J.: 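Mind having a look at this structure? Questions to follow.
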Amino acid sequence: MVDAGDVRITVLYFAAARERTGQVRESLDLPEGSHVRDVLRLLSAKYAALAPLLPHLRVAVDQEFVGPDAPVRDGAELALIPPVAGGAPGKFLVVDRPLRLEEVVEAVSGESYGGLVTFSGSVRNQTKGRRVLRLEYEAYAPMAEKKLAEIGAEAAERFPGVRVSIIHRVGTLVPGELAVVIAAASPHRKEAFGGCEYAIERLKQDVPIWKKEFFEDGEVWVGLGP
């Protein structure tokens, strides 16, 4: 039972953080006035295997990235975000089904959009000489879709007239299957090219989607090393 003046939060674990703790989500009681750093200190003491991973994690509170000094309110949702594998009109989705490039093309096409650039990212059959058997993608889906939409809005601001759509797949994928599809449309080709490239690069920075590569001789979360 939480004492008067205490706060209760929900902690979400993803990818390597989930594996290190054996938890998907849990409730945590904190003293009033706690900050993110206090949560991390408690979790480090509670899960010894998690402690070495903490310097590599980012923290999101209520689906926004925050620093260690951020306060934690009662009822907050705090997510531990490992390094990721990686509004404007259009679709911004995380799905667990096969992808179709046509879906993002249709989301941004229009008679006044003469330039259309697409990107399809598929699973490779090898990484650094090691044969890839399969990949497993995992996401903090609500936040991921929100961040994808923010990327679309950023692209529209940087490249006037462009609109972007991004759909990313999660689950188990084998070599040759599509993991992400992106389309950028604009009245002119320069902005369309720029918007598509911008979306690809930003996708790898802040969107909480992770991938685990499975080889014949081992497995690894991309971004964390062996």
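We're numbering straight along the sequence, starting at 1. The structure presented is a predicted model; accordingly, all values stated were derived computationally and were not measured.
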J.: Which atom pair, heavy atoms only, marks the closest approach of V162 to E191?
T.: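 What the structure gives for the nearest pair is CG2-O, 3.7 Å.
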J.: Hey, any chance F193 and L203 share a hydrophobic cluster, counting ILVMFWY side chains that come within less than 4.5 Å of each other, even indirectly?
T.: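 F193 and L203: separate clusters.
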J.: Under 4.5 Å between side-chain heavy atoms, counting indirect links through other Ile/Leu/Val/Met/Phe/Trp/Tyr residues: same cluster for L53 and L78 or not?
T.: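 Looking at the clustering, L78 is in the same group as L53.
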J.: Test R202 against every option in E154, E197, E150 by the salt bridge (charged side-chain N to carboxylate O under 4.0 Å, His left out) rule and name the one that passes.
T.: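 Of the listed options, the one satisfying the test is E154.
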J.: Please name the pair of heavy atoms, one in A144 and one in V94, separated by the smallest distance, quoted to 0.1 Å.
T.: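 Here A144 and V94 meet closest at CB-CG2, 3.8 Å.
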J.: To check you understand the geometry: which heavy-atom pair defines the closest contact between P52 and A48, and what is its length?
T.: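 Heavy atoms of P52 and A48 come nearest at CD-O, 3.4 Å.
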J.: Checking E177 now: which residues fulfil side chain to side chain donor-acceptor pair (under 3.5 Å) with it, not counting sequence neighbours?
T.: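 With sequence neighbours excluded, E177 shows a side chain to side chain donor-acceptor pair (under 3.5 Å) to R169, given in chain and number order.
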J.: Run the side chain to side chain donor-acceptor pair (under 3.5 Å) test against K190 and tell me which residues pass, sequence neighbours left out.
T.: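 Side chain to side chain donor-acceptor pair (under 3.5 Å) list for K190, sorted by chain: empty.
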J.: Mind checking salt bridge (Lys or Arg N to Asp or Glu O under 4.0 Å) for R18 and listing every partner two or more places apart, or none if nothing turns up?
T.: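 Per chain and number, R18 pairs via salt bridge (Lys or Arg N to Asp or Glu O under 4.0 Å) with E138.
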J.: Could you go step by step and tell me if L135 and V222 meet the side chain to side chain contact (heavy atoms under 4.5 Å, CB included) rule?
T.: CA-CA 10 Å; L135 297 184; V222 174; 5.9 Å; no
J.: So if you build clusters from Ile, Leu, Val, Met, Phe, Trp, Tyr with side-chain heavy-atom gaps below 4.5 Å, do F214 and V123 land together?
T.: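 Different clusters.
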J.: Does F119 have any side-chain contact (heavy atoms from CB on, under 4.5 Å) partners at least two apart in sequence or in another chain, and if so, which?
T.: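 Checked F119 against side-chain contact (heavy atoms from CB on, under 4.5 Å); matches are V180, I182, C196, I200.
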J.: Give a yes or no answer on whether the side chain of R20 reaches the backbone of A49 with a donor-acceptor pair at less than 3.5 Å.
T.: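 Checking the backbone N and O of A49 against the side chain of R20, a donor-acceptor pair under 3.5 Å is found.
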J.: Indicate, with yes or no, if V61 and V39 share a hydrophobic cluster defined by side-chain heavy-atom contacts under 4.5 Å among Ile, Leu, Val, Met, Phe, Trp and Tyr.
T.: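 Same cluster: V39 reaches V61 through Ile, Leu, Val, Met, Phe, Trp or Tyr contacts under 4.5 Å.
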J.: Under 3.5 Å, is there a donor-acceptor pair between the side chain of N125 and the main chain of V132?
T.: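 A pair under 3.5 Å: no.
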J.: Can you name the nearest heavy-atom pair linking A192 to G115, along with the distance?
T.: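 The pair with the smallest heavy-atom distance is CB-O, 3.8 Å.
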J.: Nearest 0.5 Å please: distance from the CG atom of L43 over to the CG atom of L28.
T.: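 Output value for this atom pair is 6.0 Å.
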J.: Counting C-beta onward and ignoring hydrogens, is there a side-chain heavy-atom pair between V164 and I151 closer than 4.5 Å?
T.: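 They are not in side-chain contact.
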J.: For L178, what residues pass the side-chain contact (heavy atoms from CB on, under 4.5 Å) criterion, not counting sequence neighbours?
T.: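 For L178, the residues satisfying side-chain contact (heavy atoms from CB on, under 4.5 Å) (neighbours in sequence not counted) are L99, S120, S122, V181.
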J.: Should the heavy atoms of other residues, nucleotides or ligands under 6.0 Å from CZ of R25 be counted, would the total exceed 12?
T.: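 No, the 6.0 Å shell around CZ holds no more than 12 heavy atoms from other groups.
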J.: Tell me, which pairs form a salt bridge (charged side-chain N to carboxylate O under 4.0 Å, His left out) where one or both residues lie in residues 44-55, sequence neighbours left out?
T.: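 The answer is E26-K46.
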J.: With a 4.0 Å cut-off on N to O distance, would you call E32 and R73 a salt bridge?
T.: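 Judged by the 4.0 Å cut-off on N to carboxylate O distance, E32 and R73 do not form a salt bridge.
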J.: Would you please name every residue forming a side chain to side chain donor-acceptor pair (under 3.5 Å) with T127, sequence neighbours left out?
T.: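 Side chain to side chain donor-acceptor pair (under 3.5 Å) check on T127 returns E213.
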J.: Can you tell me which residue among V36, L42, D38 is in a side-chain contact (heavy atoms from CB on, under 4.5 Å) with L40?
T.: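 Output: one option passes, namely V36.
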J.: Tell me the ring pair (Phe, Tyr, Trp, His ring centres under 6.0 Å) pairs involving residues 7-37, sequence neighbours left out?
T.: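 As it turns out, the ring pair (Phe, Tyr, Trp, His ring centres under 6.0 Å) pairs with a partner in residues 7-37, which skip direct neighbours, are F14-Y140, F14-W210.
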J.: Is V117 reachable from L101 through a run of hydrophobic residues whose side-chain heavy atoms are each under 4.5 Å from the next?
T.: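 As far as the 4.5 Å side-chain criterion goes, V117 and L101 are not connected within one cluster.
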J.: Can you list the steps and then say if V207 with L148 is a side chain to side chain contact (heavy atoms under 4.5 Å, CB included)?
T.: CA-CA 7 Å; V207 182; L148 291 176; 3.9 Å; yes
J.: Identify the two heavy atoms, one from A183 and one from V104, that lie closest to each other, and give their separation to 0.1 Å.
T.: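 Looking at all heavy atoms of both residues, the shortest contact is CB-O, 3.5 Å.
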J.: Donor-acceptor pair, distance only, cut-off 3.5 Å: does the side chain of D74 make one with the backbone of R8?
T.: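 Pair found, side chain donor or acceptor close to backbone of R8.
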J.: If you round to the nearest 0.5 Å, how far is CD of E106 from OG of S165?
T.: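 Output value for this atom pair is 10.0 Å.
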J.: Just grab all the ring pair (Phe, Tyr, Trp, His ring centres under 6.0 Å) pairs involving residues 168-191, residues at least two apart or on different chains.
T.: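 Residue pairs passing ring pair (Phe, Tyr, Trp, His ring centres under 6.0 Å), neighbours aside: Y137-H168.
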J.: So does E201 pair up with R158, basic N to acidic O under 4.0 Å?
T.: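 Answer for the salt bridge query: no.
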J.: Would you mind listing every salt bridge (charged side-chain N to carboxylate O under 4.0 Å, His left out) that reaches into residues 118-134, with sequence neighbours excluded?
T.: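 Qualifying pairs, neighbours excluded: R130-D217, R131-E216, R134-E136.
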J.: Who are the side-chain contact (heavy atoms from CB on, under 4.5 Å) partners of E19, not counting sequence neighbours?
T.: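 Listed in chain order: K212, W221.
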J.: With D206, which of R58, K147, K146 fulfils salt bridge (charged side-chain N to carboxylate O under 4.0 Å, His left out)?
T.: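 Single pass found, and it is R58.
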J.: Who are the side chain to side chain donor-acceptor pair (under 3.5 Å) partners of D96, not counting sequence neighbours?
T.: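 None.
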J.: Where is the tightest heavy-atom contact between V108 and Y113, given as atom of each residue plus distance?
T.: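 What the structure gives for the nearest pair is O-CG, 4.2 Å.
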